[in-house]
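A quick write-up on the structure given underneath.
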There are 2 protein chains.
Amino acid sequence: MSRISNIIEIFIKELLDESNNLAVEIQRNELADYFNCAPSQINYVLMTRFTVDKGYLIESRRGGGGYIKIVKVNIDKNQYLRMLMEDIGDVIGNMKAEAIIHRLLEKELISEREKRLMLAAISDRSINTPINLKDHIRANILKSMVATIF
Amino acid sequence: MSRISNIIEIFIKELLDESNNLAVEIQRNELADYFNCAPSQINYVLMTRFTVDKGYLIESRRGGGGYIKIVKVNIDKNQYLRMLMEDIGDVIGNMKAEAIIHRLLEKELISEREKRLMLAAISDRSINTPINLKDHIRANILKSMVATIF
DNA sequence: AAAATATGAAGGTCAAAGAAAGTCAAAATG
DNA sequence: CATTTTGACTTTCTTTGACCTTCATATTTT
């Protein structure tokens, strides 16, 4: 008896394979209904199996006509991207984050303007919270941004 | 999975396109009738989709021969950016933030890639904190980023 | 004829109900 | 113990409807 989470994971990955643009839109309740599980189980699957560092971007909308969109970034083909994700980890300080962004520019993976955007986003001034949260949020933001440039 | 609001939004934008992108005049009740919805739904669409930060001005008149006029405006870029900064304020929700970023792309102040970077940075998933902090941090990040494109 | 009033035809507002997705922690499982 | 499952509760976005305001015009009053 394989875990339902695994089944849902596989199901979503199949959907992604079928869609050539590597993005798929689901209805949370519909999917939960289909698999006869709690709707929040879908969130659990997304949170544990479709994270940014695994190369997935999630975007969603509540309310009438709401949806969950799962986008696959092709991380497997980008050894460097995967390394970056690992390097960033769950927590990252400002210095290290800036160093990573500079390296991206050097490697010509981003433009000068994009560098400035990214630096602005992860700056201490932007993330104006207690220090323990700060580095965590910074890691999230940086990983999300890095995922979009590939 | 478009809900009626999205359909009405698209309809009005088509009207605008047909009219050389200048302005278009509608009758609220007529439109509501056409789409089989409550007249106030039209107001909802205008309020959420045709806001100033999206570059629209609404003007209307009640009474016999009343109308609603939707005007697409094009203001000076620097002026627009300054207005945006003010508009963002200290706290901003995800929807509004996304609307602003989309508008920046429309006005060609940012590229498609930059749009994606910015969206990633301000997404709820990046800013993974208690709700009251979230909108505050988002405002900071967005303002910092917008500042870089001046 | 001019002023006052009534009528009906617009559009405006706001709050409640509905429709999704999100969160969090307790319970279950392995 | 770590992972998974469940469900009660929350937040966000949309739809609906009852009631309000404004305006043009028709009608009545002076």
Side-chain angles (χ1 to χ4, degrees), chain A residues 1-12 24-51 54 57-71 133 140, chain B residues 1-12 24-51 54 57-71 91-99 102 122-136 138:
Chain A
M1 247 284 252
S2 209
R3 315 241 110 18
I4 186 85
S5 283
N6 294 328
I7 296 172
I8 296 173
E9 175 189 3
I10 289 164
F11 181 81
I12 293 175
V24 71
E25 227 176 87
I26 60 167
Q27 306 284 129
R28 191 181 74 146
N29 289 344
E30 193 182 280
L31 201 58
D33 235 46
Y34 181 69
F35 285 110
N36 237 293
C37 66
S40 53
Q41 178 104 44
I42 308 299
N43 297 83
Y44 176 72
V45 173
L46 293 177
M47 229 187 290
T48 53
R49 272 93 158 157
F50 295 85
T51 57
K54 289 182 177 151
L57 293 175
I58 309 291
E59 144 194 353
S60 68
R61 194 146 185 199
R62 306 186 189 189
Y67 60 87
I68 299 177
K69 187 175 173 188
I70 301 143
V71 183
L133 270 178
N140 280 331
Chain B
M1 302 292 143
S2 258
R3 279 304 184 254
I4 188 84
S5 285
N6 297 324
I7 296 171
I8 296 173
E9 175 189 3
I10 290 165
F11 181 82
I12 294 175
V24 71
E25 232 175 81
I26 60 168
Q27 306 285 127
R28 190 180 74 147
N29 289 344
E30 193 182 282
L31 201 58
D33 234 46
Y34 181 68
F35 286 110
N36 237 295
C37 65
S40 54
Q41 178 104 46
I42 307 298
N43 297 82
Y44 177 72
V45 172
L46 294 177
M47 245 184 223
T48 53
R49 270 77 161 173
F50 293 86
T51 57
K54 292 186 183 175
L57 288 180
I58 308 294
E59 117 197 18
S60 69
R61 194 147 191 204
R62 306 185 188 189
Y67 61 87
I68 298 177
K69 190 174 172 189
I70 300 142
V71 187
V91 161
I92 193 170
N94 196 50
M95 269 213 119
K96 191 171 169 189
E98 284 187 7
H102 280 114
I122 58 99
S123 84
D124 268 6
R125 281 186 181 73
S126 292
I127 310 168
N128 185 14
T129 62
I131 183 153
N132 53 325
L133 271 178
K134 205 177 271 192
D135 287 358
H136 189 78
R138 192 183 348 254

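All values below come from the heavy atoms of this structure, side chains included, with hydrogens, waters and symmetry mates left out. Throughout, a chain's letter reflects where its sequence line sits, starting with A, and its residues are numbered from 1.
In this structure, B/G66 reaches the sugar-phosphate backbone alone: every heavy-atom distance under 4.0 Å involves primed, P, OP1 or OP2 atoms, never a base. In this structure, A/N43 reaches the bases: a heavy-atom distance under 4.0 Å links it to at least one base atom across the strands shown.
If you take NZ of B/K134 and P of D/dT12, they are 8 Å apart, rounded to a whole angstrom. Atom pair B/N94:CG and D/dC13:P shows a separation of 7 Å (rounding to whole Å applied). Distance, A/M47 CE to D/dT6 P: 16 Å, rounded to whole Å. Nucleotide C/dA9 holds its C1' atom 14 Å from the CG atom of B/D33, rounded to whole Å. Following rounding to the nearest Å, A/Y44 (OH) and C/dC24 (P) show an atom-to-atom distance of 16 Å. In this structure, B/Y67 places its OH atom 10 Å from P of D/dA24, rounding to the nearest Å. Rounded to whole Å, atom P of D/dT5 lies 8 Å from atom CZ of A/R49. For the pair A/I8 CD1 and D/dT5 P, the interatomic distance rounds to 7 Å; values are reported in whole Å.
In this pair, B/Y34 and B/F11 present their aromatic rings tilted. The plane angle is within the 30 to 60° band.
Looking at A/E59 and B/S123, their side chains never come closer than 4.5 Å, going by heavy atoms from C-beta outward.
Annotation: the span from B/I12 atom CD1 to B/I42 atom CD1 amounts to 6.5 Å, rounded to 0.5 Å.
Below the 3.5 angstrom threshold, one finds a donor paired with an acceptor across the side chain of B/S40 and the base of D/dG17.
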